[in-house]
Amino acid sequence: MTLSRRSLLAGAAFLAASTKARAAADADVAVIGAGAAGLAAAAAIQRSGHSVVVLEARGRIGGRAFTETGLGLGRSFDAGGQYVHWAERNPWREIAQAARVRTSDDATSPWPVLVKDGARASEAERRQRRAGFGRVSAVLDHPAGPDRSVAQAVAGEDEAARAAATGLTRLTLGEEPDRVSCADYDQLWSGDDIWVDGYGALVAGHYADLPVRLDTPVTGIDWRGQGVAVETPRGILRATCAIVTVPVGVLASGSLRFTPDLPATTGEAVAGLAMGAYTKIGLALEPARLRAQDLRDAVILRSGTPGLTAYLEMQPFGKPLAVLHCGGDGARALCEAGEAAALAAATDHLVSVFGADIRAAITGGRLAAWWTDPFARGSYSIARPGHLAAREALRQPVAERIFLAGEAAAGGAAMTVGGATLDGERAAAAVLKRLGS
Ligand SMILES: Cc1cc2nc3c(=O)[nH]c(=O)nc-3n(C[C@H](O)[C@H](O)[C@H](O)COP(=O)(O)OP(=O)(O)OC[C@H]3O[C@@H](n4cnc5c(N)ncnc54)[C@H](O)[C@@H]3O)c2cc1C
């Protein structure tokens, strides 16, 4: 990431200040990462009257809640989180309502249109598909016995059910069914989903006034002695406690070094989790070249054509764009192949649904490559089979001064913006207790 001249100067001032204050703490709390968890934690610390500094590697806040606006006016889409899941208890429902953001709820959101080789699938095919999903839900609902993978749980089912399980884990968890824990999947919260037009922008706007240092990747946390020394290319920030909200993929990568190493129990928790590769590709469409039957506000599942497991959002909120969602190893391969190859694959997918004419309507595109993003290293956390306890283990404070938080630590609320927010608030409450508030 390149640094602007202005941010370099700000960085130099920060370095000078932190050198002078070497012995004293620069802040009560250092928060690492300005995603939903870090921002919620920092807001709670600030409300308490304690001092807090957020260090963020990217040049923006919001993390995996990010509204992509690069496809031209009126074609924004959420490259990361877009649904307010389990809305009944999700704080973002009220925040979205108060901000008057456009939403689409369960009652009005589009029902998937099943397309097979360019034509709408027959009712018999739709029934077969629904039956497959029904059997998978029954198998995955409150699984008995020792934990196993989703693939193992459905191994005795017929081909339609096994295919449904693969589609389910790839398109909800971003991962292959043999790598995800049934017990963890079962403990995830459920409820109403509200589709937000600009979830990332909502998160960034809601937390616009916090003390965040952008373009400041944390490379190390030294927790010998009393507090923590947080190392960045711009200098060291000393604080009494650190709330670390980087994704588990970043923790596992070793790009953020802890001195001494984190305890074995924390290391095992990180190793018990992994990152899925849920991926979105936005294609800008030229309205004049779209035909009425190219569907508005529709969610399209393609079946019967081998290849990428994916679904299409056509003209969401009436905007002239298509967003391809995919997950699992096929999505990983697209992220690794790069944007041009991913856009070509998304274009082929669109053509396989609508026919060759739609190719001329595509004017550009964007790949949200979370899997190859060094500050995400995947879409969101999954628990490996047998590692149901990892999320809770991640929440245990280290030496009362390092508090890990974020979607991965959010238990049943994991994998979501709402879960990250609640977990950031949970970590802030633990830190405030430690600080004597
Ligand atoms: C494609 C996709 C679709 C999704 N769909 C939904 C959805 O529909 N609904 C939903 O609720 N959730 C969804 N999610 C999940 C949701 O976006 C995340 O769970 C949530 O945003 C995670 O918040 P967080 O604060 O835990 O982590 P992050 O948002 O990742 O925040 C961590 C921050 O740490 C920063 N960072 C990383 N390394 C460093 C470092 N070394 N130094 C300093 N900073 C660093 C990162 O840049 C980032 O800003 C989706 C995610 C993806 C990727």
Side-chain angles (χ1 to χ4, degrees), residues 82-89 104-117 119-195 276 278 295 297-314 324-331 353 379-380 382-383 385 388 412-416:
Q82 74 184 71
Y83 290 97
V84 174
H85 292 302
W86 32 268
E88 302 85 339
R89 48 179 159 167
S104 167
D105 63 22
D106 267 356
T108 56
S109 63
W111 192 245
V113 177
L114 188 62
V115 175
K116 184 180 162 75
D117 295 334
R120 290 197 184 209
S122 69
E123 189 44 43
E125 282 161 329
R126 296 177 66 84
R127 259 203 312 275
Q128 190 193 15
R129 190 184 170 86
R130 276 199 297 268
F133 274 107
R135 277 199 304 286
V136 170
S137 314
V139 172
L140 298 185
D141 197 23
H142 305 315
D147 187 24
R148 50 192 181 159
S149 72
V150 169
Q152 284 167 326
V154 298
E157 302 295 322
D158 66 16
E159 199 188 326
R162 282 185 277 119
T166 302
L168 182 81
T169 62
R170 287 180 180 163
L171 292 179
T172 61
L173 309 178
E175 192 50 285
E176 301 296 324
D178 57 330
R179 295 181 211 146
V180 295
S181 152
C182 270
D184 189 60
Y185 182 75
D186 185 55
Q187 60 103 33
L188 295 176
W189 295 358
S190 60
D192 291 344
D193 293 333
I194 297 175
W195 185 351
Y278 198 77
L295 301 172
D297 268 327
V299 170
I300 299 169
L301 277 162
R302 184 184 64 172
S303 75
T305 312
L308 196 65
T309 302
Y311 76 86
L312 267 174
E313 267 165 27
M314 271 317 274
L324 187 80
H325 293 231
C326 52
D329 285 346
V353 171
S379 50
Y380 36 84
I382 54 104
L388 176 65
M415 311 177 184
T416 66

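Computed from a predicted model, the values in this text were never measured in an experiment. Heavy-atom basis, side chains included; hydrogens, waters and symmetry copies ignored.
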Inset, instruction - Output the distance between atom CG (Asp192) and atom CZ (Arg89), rounded to the nearest 0.5 Å. - result: 11.5 Å

Legend entry - Where Leu140 and Cys182 come nearest, the two heavy atoms and their spacing: CD2-SG, 3.7 Å

Inset, instruction - Compare every heavy atom of Trp86 with every heavy atom of Ala413, then report the nearest pair and how far apart it is. - result: CB-CZ2, 3.5 Å

Inset, instruction - List for me each residue that meets side chain to side chain contact (heavy atoms under 4.5 Å, CB included) alongside Ala163, sequence neighbours excluded, and say none if there are none. - result: none

Inset, instruction - To the nearest 0.5 Å, tell me how far Trp195 CH2 sits from Glu313 CD. - result: 3.5 Å

Inset, instruction - Not counting sequence neighbours, which residues clear side-chain hydrogen bond (donor to acceptor under 3.5 Å, both in side chains) with Gln128? List them please. - result: none

Inset, instruction - Identify the two heavy atoms, one from Val136 and one from Ala161, that lie closest to each other, and give their separation to 0.1 Å. - result: CG2-O, 3.0 Å

Legend entry - Check: Glu176 side chain, Gly328 main-chain N or O, donor-acceptor pair, under 3.5 Å: no

Inset, instruction - I would like to know whether Leu324 and Leu308 meet side chain to side chain contact (heavy atoms under 4.5 Å, CB included); could you show each step before the answer? - result: CA-CA 10 Å; Leu324 187 80; Leu308 196 65; 4.0 Å; yes

Inset, instruction - Can you sort out the partners of Arg179 under side-chain hydrogen bond (donor to acceptor under 3.5 Å, both in side chains), two or more places apart, ordered by chain and number? - result: Glu175, Asp329

Legend entry - Listed partners of His85 passing ring-ring contact (aromatic ring centres under 6.0 Å, His included), at least two apart: Tyr83

Inset, instruction - Please round to the nearest 0.5 Å and tell me the distance separating atom CG of Leu188 and atom CG of Leu173. - result: 7.0 Å

Inset, instruction - Over all heavy atoms of both residues, which pair between Ile382 and Gly276 is shortest? Give the atoms and the distance, please. - result: CG1-N, 4.5 Å

Legend entry - Exercise: identify the closest heavy-atom pair between Asp186 and His142: OD1-N, 2.9 Å

Legend entry - CD/Glu159: more than 12 non-hydrogen atoms of other groups inside 6.0 Å: no

Inset, instruction - List the steps, then state whether side chain to side chain contact (heavy atoms under 4.5 Å, CB included) holds for Phe133 with Leu168. - result: CA-CA 8 Å; Phe133 274 107; Leu168 182 81; 4.2 Å; yes

Inset, instruction - Show your reasoning for whether side chain to side chain contact (heavy atoms under 4.5 Å, CB included) applies to Trp189 and Thr416. - result: CA-CA 10 Å; Trp189 295 358; Thr416 66; over 6 Å; no

Legend entry - pair Arg135-Asp158: side-chain heavy atoms closer than 4.5 Å: yes

Legend entry - Test ring-ring contact (aromatic ring centres under 6.0 Å, His included) applied to Tyr380 - qualifying residues, sequence neighbours left out: none

Inset, instruction - Given side chain to side chain contact (heavy atoms under 4.5 Å, CB included), test Met415 with Asp184 step by step and report yes or no. - result: CA-CA 11 Å; Met415 311 177 184; Asp184 189 60; 4.1 Å; yes

Legend entry - Minimum-distance pair of heavy atoms, taken over all atoms of His325 and Tyr278: ND1-OH, 2.7 Å

Inset, instruction - Under the side chain to side chain contact (heavy atoms under 4.5 Å, CB included) rule, collect the residues that match up with Pro385, sequence neighbours excluded. - result: Ser149

